[in-house]
K.L.:
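Quick one: the structure is below, questions incoming.
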Amino acid sequence: MNQEQNLKIYNSLSGKKEQFTPITPGYVGMYVCGPTVYNDVHLGNCRTFTSFDVIYRYLLHCGFKVRYVRNITDVGHLTDDGEDRMAKGAKVAQLEPMEVAQRYTVGFHDMMRVFNNLTPSIEPRATGHIPEQIEMVQEILNRGLAYEQNGSVYFNVPKFAESFPGVYGSVSGRVLDDLYQETRTLKNQDEKAHPADFAIWMKARPEDIMVWKSPWSIGFPGWHLECSAMSTKYLGSNFDIHGGGNDLKFPHHENEIAQNHGACGCHPANYWLHANMLLLNGKKMSKSDGNTITPVQLFTGESSFVSKGYSPMVVRFFMLQAHYRSTLDITDEGLLAAEKGYRKLMEFNKLLQSIPSSAITATAETDTDRAILDCIQNAFEGMNDDFNTAIAIAALNDLSSYINKLANQQLAPSEISPWVLERAKVAVNDLIANVFGLLDDTSGGGKEDNTIEGLMNLILELRASARANKDWPTSDKIRDALTEIGVTVKDGKEGASWSKS
RNA sequence: GGUUUCCUGGCCGAGCGGUUAGGCACAGGUCUGCAAAACCUGCUACAGCGGUUCGAAUCCGCUGGAAACCUCCA
């Protein structure tokens with residue numbers, strides 16, 4: 001099946017869902033604005049990158065060869081904190097900027113792994129692309145769309161708007177005239193010819209500690225330039241998908257587009273996708289007013305916002321229950337519900353995979369077969385409709401009901417055809433494991449832990465014989481003791497099974 | 001102040017003109033030694049007021065509430 005023919009994507013440029021057509025058939029170039037590594041990753045970052053991870057995974061599932069580029073912003077507005085550098089003496093006593101970047105980059109990668117996000121194809125660092133950025137500034141200057149002022153270079157927005165009508169403001173939906181009036185008083189305002197202009201090269205002040213030589217001054221690249229330079233370098237001047245958080249629409253993406261036009265004369269990306277914000281108590285998280293929870297706090301439960309800790313996969317599932325373009329309010333109740341839903345889905349998949357096709361006996365297509373096939377189709381149609389994971393999960397839930405009934409002997413084996421079962425096994429596993437990227441952290445021992453598996457089998461065997469003798473006290477004692485250490489025992493028709501809770 | 005978006009049942013959250021979204025919670029039931037799980041049944045909402053339409057949660061207008069952006073931010 002060729003899913004790619006039906007994929008529709010919401011494009012922020014047009015404000016509509018559009019049929020997805022890659023520039024080169026079979027290949028997709030995707031750029032996503034990555035994190036700034038001068039701080040610990042926060043949950044909001046995790047949601048955005050998880051959203052794009054699922055998009056990446058689905059594109060792969062559709063059979064595209066995808067080059068996924070996500071940058072690391074390790075150059076920016078780092079200034080000396082004012083401490084007396086002389087007093088610190090030795091160089092090693094001072095914090096090196098790259099030391100900071102390194103620390104938080106590692107932390108970011110660790111967190112991405114915890115959330116089971118795939119590694120991008122290329123993860124370029126801004127500091128590794130200073131020559132490319134300087135070159136881009138030069139190109140923009142050459143085209144007359146920027147001007148130098150006291151060693152800094154500014155992008156000329158009014159001139160750009162004149163040269164490329166209708167471009168500036170197209171992602172953020174802003175009207176230029178409004179912009180001109182709205183812009184507040186900012187630093188360096190006096191150097192700019194127009195308030196809407198923005199720096200593409202900044203001359204360093206004495207307190208700036210990450211600086212490079214350029215034809216204009218010793219300084220550093222403007223804050224929007226790295227993405228323009230790196231996307232162009234790795235994906236070309238025109239590529240398929242550009243993603244990022246909703247809060248980057250303006251000014252970051254607007255300026256990025258302007259820079260690309262300025263340097264190459266064309267629009268960088270055909271489809272612009274924006275992941276929406278993760279809210280806490282109905283508001284965007286922010287460290288300054290305390291309305292925040294770190295991923296680690298969420299896992300450990302050490303926060304007043306949650307009643308307990310939640311596993312990363314539960315959090316991931318929680319995120320996937322909402323559409324990536326909707327804001328998602330993180331609440332303890334919501335997480336609790338997600339935890340149950342996640343476990344149920346995992347149990348369902350485990351059960352489904354364990355049913356041998358020899359156990360079912362339909363020989364012609366039945367109503368149940370058709371219903372199951374419908375569920376599968378609904379799930380993929382959901383994904384094809386702008387990556388609607390909520391729909392896909394709902395379809396999987398519908399499907400689980402048939403399989404659970406079969407296992408409960410409430411549905412006859414003659415109601416399902418073997419080929420449909422096999423089809424379901426593949427589709428469900430593809431969706432859960434490959435597309436959603438959900439790992440089963442509920443599974444008891446897991447393959448890699450034979451010891452626990454063996455012990456548990458022994459314990460359950462002992463309990464089974466106690467039960468056979470109607471020795472309920474012993475049976476219950478085993479179950480209760482296991483419950484206490486977080487292992488749930490379930491007595492099914494085919495004997496007992498267990499899972500970690 | 002400007003721009004944009006959102007307001008769905010007890011909670012989370014799909015929905016893009018005619019469908020039971022789904023999950024959680026809750027109540028009753030089946031199964032079970034008892035639990036758990038699973039299954040069945042019930043709970044059926046769209047901020048308010050108008051309008052368009054055979055038909056609106058879905059389109060338009062007004063009112064009210066919230067959020068994001070306008071400043072580094074996923």
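Naming: A, B, ... by sequence-line order, numbering from 1 per chain. Side chains included, hydrogens not; waters and symmetry mates left out as well; all remaining heavy atoms used.
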K.L.:
Which nucleotide wins on minimum distance to the side chain of A:L328, given the candidates B:G13, B:C73, B:A36?
P.N.:
B:G13

K.L.:
With both distances under 3.5 Å as the test, what is the Watson-Crick or G-U wobble partner of B:A45?
P.N.:
none

K.L.:
Taking the side chain of A:H323 as heavy atoms from C-beta outward, which of B:A36, B:A14, B:C16 is closest to it?
P.N.:
B:A14

K.L.:
Which whole number of Å gives the distance between the P atom of B:A47 and that of B:G23?
P.N.:
23 Å

K.L.:
Base, sugar-phosphate alone, or nothing: which one does A:S172 contact when heavy atoms must sit under 4.0 Å apart?
P.N.:
nothing

K.L.:
Please determine, for B:U71, whether a Watson-Crick or G-U wobble partner exists with both distances under 3.5 Å, and give it or none.
P.N.:
none

K.L.:
When you get a sec, tell me which of B:C11, B:G23, B:A21 is the closest nucleotide to the side chain of A:A390?
P.N.:
B:A21

K.L.:
Any strand counts, and the cut-off is 3.5 Å on both contacts for Watson-Crick or G-U wobble. Which nucleotide pairs with B:A38?
P.N.:
B:U30

K.L.:
Does the plane of the ring in A:F198 sit parallel, tilted or perpendicular to the ring in A:F155? Use 30° and 60° as the thresholds.
P.N.:
parallel

K.L.:
Once you apply the 3.5 Å cut-off to both distances, tell me the Watson-Crick or G-U wobble partner of B:A66, or none.
P.N.:
B:U5

K.L.:
Let's see if you can work this out: which of B:C40, B:C70, B:C34 has an atom nearest to the side-chain heavy atoms of A:F250?
P.N.:
B:C70

K.L.:
Between B:U4 and B:C39, how far apart are the P atoms? Round to whole Å, please.
P.N.:
47 Å

K.L.:
Does A:Q133 reach the main-chain N or O of A:H129 with its side chain, forming a donor-acceptor pair under 3.5 Å?
P.N.:
yes

K.L.:
When rounded to the nearest Å, what value does the distance between P atoms of B:G50 and B:A57 take?
P.N.:
14 Å

K.L.:
Which is true for A:G44 with a 4.0 Å heavy-atom rule: it touches a base, it touches only sugar-phosphate, or it touches nothing?
P.N.:
base

K.L.:
Counting only Watson-Crick or G-U wobble pairs whose two distances fall under 3.5 Å, which nucleotide matches B:G22?
P.N.:
B:C12

K.L.:
Heavy atoms only, 4.0 Å cut-off, all strands: where does A:G34 land among base, sugar-phosphate and nothing?
P.N.:
sugar-phosphate

K.L.:
Considering only atom C1', compute the distance from B:U52 to B:C60 and round it to an integer number of Å.
P.N.:
7 Å

K.L.:
Which whole number of Å gives the distance between the P atom of B:U8 and that of B:C49?
P.N.:
16 Å

K.L.:
Measure from NZ or CZ of A:R70 to the centre of the six-membered ring of A:F52 and say whether it is under 6.0 Å with the direction within 45° of the ring axis.
P.N.:
no

K.L.:
Checking all strands, does A:A322 fall into the base, sugar-phosphate, or nothing category for heavy-atom contacts under 4.0 angstrom?
P.N.:
sugar-phosphate

K.L.:
Could you tell me the separation between the CD atom of A:Q409 and the P atom of B:C40, rounded to a whole number of Å?
P.N.:
16 Å

K.L.:
Just do the side chain to side chain contact (heavy atoms under 4.5 Å, CB included) check on A:H253 and A:W272 with the steps written out, would you?
P.N.:
CA-CA 9 Å; A:H253 289 159; A:W272 284 76; 3.4 Å; yes

K.L.:
Using the C1' atoms only, state how far B:A27 lies from B:U19, rounded to an integer number of Å.
P.N.:
27 Å

K.L.:
Does B:U53 pair with anything, Watson-Crick or G-U wobble, both distances under 3.5 Å, and if so, with which nucleotide?
P.N.:
none

K.L.:
Roughly how many Å apart are B:G15 and B:G22, using the C1' atom of each and rounding to a whole number?
P.N.:
11 Å

K.L.:
Counting distance alone, no hydrogens or angles: does the base of B:G33 have a donor or acceptor under 3.5 Å from a partner atom on the side chain of A:S475?
P.N.:
yes

K.L.:
Out of B:A74, B:C11, B:C24, which has the shortest distance to the side chain of A:K344?
P.N.:
B:C24

K.L.:
For atom C1', what is the distance between B:A25 and B:G9, given to the nearest Å?
P.N.:
12 Å

K.L.:
Consider the side chain of A:A394, meaning its heavy atoms from C-beta on, and name the nucleotide among B:A38, B:G22, B:C16 that approaches it most closely.
P.N.:
B:G22

K.L.:
Would you indicate which nucleotide in B:A74, B:C34, B:G23 comes nearest to any side-chain atom of A:F49?
P.N.:
B:A74

K.L.:
For the residue pair A:Y168 and A:F160, categorise the inter-ring angle as parallel (less than 30°), tilted (30 to 60°) or perpendicular (more than 60°).
P.N.:
perpendicular

K.L.:
Parallel under 30°, tilted from 30 to 60°, perpendicular over 60°: which one fits the rings of A:Y31 and A:H242?
P.N.:
tilted

